[in-house]
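In what follows, every chain begins at residue 1, and chains take the letters A, B, ... in the order their sequences are listed.
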Amino acid sequence: MLEVAPDLIGATLMFDGVGGRIVELEAYHHTEPAAHSFRGPTPRNAVMFGPPGFAYVYRSYGIHWCLNFVCEPEGSAAAVLIRALEPTVGLPVMRRRRGVADVRLLCSGPGRLCEALRITAAHNGLALDQPPFALFARTGAVEVVRGPRIGITKAVDKPWRYGEKGSRFLSKPFSDPSS
DNA sequence: TGCCCGATTAACT
DNA sequence: GTTAATCGGGCAA
């Protein structure tokens with residue numbers, strides 16, 4: 001899972017005709033208390049305990065939706081939270097859905113990203129390589145930076161947040177002094 | 001059955 | 001910098 005996470009930076013995620021490059025994500029694993037899967041399978045997180053390559057969507061703070069990719073090995077309940085995209089396709093559609101003009105605010109956050117792509121609980125458990133999802137590996141080299149995860153209160157020390165170095169589309173900048 | 005809290009965001013002081 | 005919005009899951013009673 002920790003090997004897969006940085007490889008997804010720079011990959012392109014498409015959903016129902018719109019999407020962009022993944023520039024930020026966080027890894028979660030059932031052995032650490034910050035993960036939803038920490039306390040074992042439940043109706044909500046059942047997807048995480050299934051095979052890899054599927055989407056786990058959950059409601060955050062009763063308001064937003066957040067998208068995860070289930071990672072291998074199967075049964076480890078590992079997942080990566082997609083935190084930010086660099087929008088590349090369907091800009092007008094995303095702008096209309098989000099109600100903002102600034103491209104950098106379209107997908108720079110897990111809740112924003114789902115609103116822009118219109119991802120909801122209806123898409124929980126769908127395969128990432130089947131419509132309406134589509135996932136393309138990155139083509140060129142990408143500089144990946146790592147840091148502590150955001151917005152959680154447990155296991156804050158684990159540096160399992162990954163992002164593209166210097167990207168303008170991160171939900172928050174990395175505190176990497178060399179960037 | 002009830003209570004507390006969160007892998008968030010946007011608006012407001 | 002602070003706080004409201006808003007709801008389902010997880011845990012205590």
Side-chain angles (χ1 to χ4, degrees), chain A residues 1-2 4-9 11 13 15 20 22-50 52-72 76-87 94-126 128 133 135 144-164 167-175:
Chain A
M1 183 233 351
L2 291 179
V4 171
D7 285 344
L8 280 172
I9 297 294
L13 171 70
F15 180 82
I22 298 171
V23 295
E24 180 185 355
L25 55 79
E26 289 174 3
Y28 289 88
H29 191 266
H30 82 282
T31 54
E32 42 100 10
H36 288 171
S37 53
F38 177 61
R39 299 176 192 284
T42 68
R44 174 174 67 148
N45 65 26
V47 176
M48 294 178 74
F49 290 84
F54 286 80
Y56 164 53
V57 183
Y58 72 95
R59 200 198 273 291
S60 174
Y61 289 84
I63 304 171
H64 309 286
W65 297 105
C66 294
L67 171 66
N68 296 249
F69 291 174
V70 179
C71 296
E72 52 189 359
S76 68
V80 293
L81 166 71
I82 309 303
R83 289 194 54 90
L85 296 182
E86 174 184 336
M94 289 193 263
R95 261 194 261 265
R96 190 170 65 247
R97 290 173 181 170
R98 292 273 300 114
V100 297
D102 190 338
V103 187
R104 290 162 43 148
L105 295 179
L106 289 181
C107 300
S108 58
R112 294 167 174 170
L113 175 162
C114 286
E115 186 178 20
L117 300 192
R118 198 167 281 173
I119 292 173
T120 71
H123 311 109
N124 187 39
L126 294 186
L128 295 171
F133 281 105
L135 195 55
V144 176
V145 289
R146 193 174 70 154
R149 292 177 293 186
I150 292 178
I152 58 174
T153 57
K154 302 160 192 162
V156 185
D157 55 309
K158 296 196 185 307
W160 287 356
R161 175 178 180 237
Y162 297 87
E164 180 180 7
S167 171
R168 312 186 327 273
F169 300 93
L170 302 174
S171 60
K172 288 179 183 167
F174 283 81
S175 56

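Taking 4.5 Å as the limit, some side-chain heavy atom of I150(A) sits within range of a side-chain heavy atom of E24(A). Side-chain contact between W65(A) and R59(A): present, with at least one pair of heavy atoms (C-beta onward) separated by less than 4.5 Å.
Counting to the nearest Å, the P atom of dA11(B) and the NE2 atom of H64(A) are 11 Å from each other. The nearest whole Å value for the distance from the NZ atom in K172(A) to the C1' atom in dT9(B) is 10 Å. If you measure from atom NE2 of H29(A) to atom C1' of dA7(B), you get 16 Å, rounded to the nearest angstrom. Rounded to an integer number of Å, the gap from K154(A) NZ to dG6(B) P is 7 Å. Between the P atom of dA10(B) and the CG atom of D102(A) lies a distance of 12 Å, rounded to the nearest Å. For the pair Y58(A) OH and dG8(C) C1', the computed distance is 13 Å after rounding to whole Å. In this entry the distance linking CG of L81(A) with C1' of dA7(B) reads 5 Å, nearest Å. Atom CG of D157(A) is separated from atom P of dA7(B) by 15 Å (rounded to the nearest Å).
The closest donor-acceptor contact from the side chain of R112(A) to the backbone of S108(A) lies under 3.5 Å. Between the side chain of H30(A) and the backbone N or O of S76(A) there is at least one donor-acceptor pair closer than 3.5 Å.
In the set dC7(C), dG6(B), dG9(C), the nucleotide with an atom closest to the side chain of R59(A) is dC7(C). Comparing dA7(B), dG9(C), dT9(B) against the side chain of P110(A) picks out dT9(B) as the nearest.
Nucleotides dT6(C) and dG2(B) are separated by 22 Å at their P atoms, to the nearest Å. Distance check on atom P: dA7(B) versus dG1(C) gives 22 Å, rounded to whole Å. One P atom belongs to dC5(B), the other to dT3(C), and the distance between them is 16 Å to the nearest Å.
Of the candidates K154(A), R83(A), R161(A), R149(A) forms a side-chain contact (heavy atoms from CB on, under 4.5 Å) with just one, namely R161(A). With Y58(A) as reference, N68(A) is the one residue of L67(A), V47(A), N68(A) to meet the side-chain contact (heavy atoms from CB on, under 4.5 Å) rule.
Here R39(A) does not reach the OP1 or OP2 of dG9(C): none of its side-chain N or O atoms lies under 4.0 Å away. Residue T42(A) has a polar side-chain atom (N or O) positioned under 4.0 Å from OP1 or OP2 of dG10(C). Proximity of R83(A) to the phosphate of dT8(B): a side-chain N or O atom is located under 4.0 Å from OP1 or OP2.
For Y61(A) against dA5(C), no side-chain N or O and base N or O form a donor-acceptor pair under 3.5 Å.
Taking a centre distance below 5.5 Å and an interplanar angle below 30 degrees as the stacking criterion, Y28(A) stacks against the six-membered base ring of dA7(B).
In R97(A), the CZ atom is crowded: over 12 heavy atoms of neighbouring residues, nucleotides or ligands sit closer than 6.0 Å.
Scanning DNA chain C for stems, defined as runs of 3 or more consecutive Watson-Crick or G-U wobble pairs whose donor-acceptor distances all fall under 3.5 Å, gives the following ranges: B:1-6 with C:7-12, B:8-12 with C:1-5.
With rounding to the nearest 0.5 angstrom, the SG atom of C107(A) is 9.5 Å from the CZ atom of F169(A).
Backbone-only contact: R98(A) has heavy atoms under 4.0 Å from sugar-phosphate atoms and none from a base.
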